[in-house]
Amino acid sequence: MSIESTPTPAGSYRVARVVGDLVLTAGMTPRAADGALVAAGRLGEGITDADGGRLAALATERALDAARSALSADRVLDEVVSLTVFVAAAPDYTAHSRIADAASAVVSERMPGTTLPVRAAVGVASLPGGAPVEVQLTATHRQAPAGASAQ
């Protein structure tokens, strides 16, 4: 599901930034390669849990792509240490963690063998552009192995 390209900021900010041994990303929403929002709405009001999970997975892939784009060619992501999943939801919606589980699954799939990150699932009334989910992550990075291409 990854778009395999560097996300483009939708405003005056960077999509990712390296600070010491950390890579921090901006919040990523589920967007297609052309930058169009894949879906709009809120969980519990037109967006199903299954769709919310798929959208959280796409947003997480975009966040990982953004993190990788901030690294020099001789660096690779080591592990994701923190993951925040914002869920735009109806007032009575309570399955935020189920949506965030889809984001955690992407980290596990794309970075096998690493420890799962700490995570927060945060319910909000709305997100930029009407997005149903937004994912922000913090990762560590390291020297790429000799002869290996960057992630």
Side-chain angles (χ1 to χ4, degrees), residues 1-39 43 47 49-89 93-129 131-151:
M1 189 189 285
S2 177
I3 58 172
E4 295 302 330
S5 63
T6 302
T8 303
S12 298
Y13 60 91
R14 295 169 68 177
V15 296
R17 183 170 172 208
V18 176
V19 179
D21 291 337
L22 298 176
V23 183
L24 300 97
T25 71
M28 294 288 134
T29 54
R31 295 185 179 273
D34 65 359
L37 192 63
V38 173
L43 277 289
I47 303 288
D49 286 0
D51 287 339
R54 283 189 289 276
L55 295 166
L58 176 57
T60 305
E61 290 171 345
R62 292 187 73 237
L64 287 167
D65 290 344
R68 287 185 177 104
S69 76
L71 297 174
S72 60
D74 64 336
R75 308 296 294 177
V76 294
L77 289 181
D78 191 28
E79 66 178 325
V80 176
V81 295
S82 180
L83 187 63
T84 304
V85 181
F86 298 94
V87 180
Y93 186 81
T94 60
H96 303 81
S97 288
R98 186 175 312 137
I99 304 309
D101 284 345
S104 294
V106 169
V107 172
S108 291
E109 291 165 11
R110 290 206 35 197
M111 301 184 76
T114 62
T115 303
L116 279 173
V118 298
R119 186 187 80 196
V122 182
V124 297
S126 68
L127 288 166
V133 296
E134 181 175 274
V135 175
Q136 183 276 329
L137 62 81
T138 301
T140 58
H141 63 96
R142 61 180 165 75
Q143 185 72 35
S149 61
Q151 299 178 20

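It should be emphasised that the depicted structure is a prediction, and the values quoted were computed from it without experimental measurement.
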*Taking all non-hydrogen atoms of both residues, which atom of Arg14 and which atom of Ala26 are closest, and how far apart?*
O-CB, 3.6 Å
_Can a donor-acceptor pair be found, under 3.5 Å and without considering hydrogens, that links the side chain of Thr25 to the backbone of Leu137?_
yes
*At their closest point, which heavy atom of Gly53 faces which heavy atom of Ala102, and how far apart are they?*
O-CB, 3.2 Å
*Please report the shortest heavy-atom distance between Ala16 and Val23, naming the atom on each side.*
CB-CG1, 4.5 Å
*Test item: Tyr93 and Ile99 side chains (from C-beta on) under 4.5 Å apart, heavy atoms*: yes
*Are side-chain heavy atoms of Met111 and Leu64 found at a separation under 4.5 Å?*
yes
_Between OG1 on residue Thr140 and CZ on residue Arg75, distance to nearest 0.5 Å_ = 9.5 Å
_Looking at every non-hydrogen atom in both residues, tell me the closest pair between Ala131 and Pro30 and how far apart they are._
CB-CD, 4.3 Å
*Less than 4.5 Å apart, any side-chain heavy atom of Val76 and any of Arg142?*
yes
_How long is the straight-line distance from CZ of Arg119 back to OG1 of Thr84, given to the nearest 0.5 Å?_
10.0 Å
*asked:* Do Val80 and Thr114 have side chains that approach each other closer than 4.5 Å (heavy atoms only, starting at C-beta)?
replied: no
*Would a distance-only check, ignoring hydrogens and angles, find a side-chain to backbone donor-acceptor pair under 3.5 Å from Gln143 to Asp74?*
yes
*Short side-chain to backbone donor-acceptor contact, Arg62 and Thr29, under 3.5 Å*: yes
_Close side-chain approach of Leu43 and Asp49, heavy atoms under 4.5 Å_ = yes
*At their closest point, which heavy atom of Val107 faces which heavy atom of Pro117, and how far apart are they?*
CG1-CD, 4.1 Å
*Are side-chain heavy atoms of Pro128 and Glu134 found at a separation under 4.5 Å?*
yes
*Taking C-beta and beyond as the side chain, do Val133 and Leu58 meet within less than 4.5 Å on heavy atoms?*
no
*Measure the CG-CG distance between Asp65 and Leu77 for me, rounded to the nearest 0.5 Å.*
9.5 Å
*asked:* Assess whether a salt bridge exists between Asp51 and Arg54, defined as any Lys/Arg side-chain N lying under 4.0 Å from an Asp/Glu carboxylate O.
replied: yes
*For the side chain of His141 and the backbone of Arg68, is there at least one donor-acceptor N/O pair under 3.5 Å apart?*
no
*Closest non-hydrogen atom pair between Ala88 and Leu127, with its separation*: N-CD1, 3.9 Å
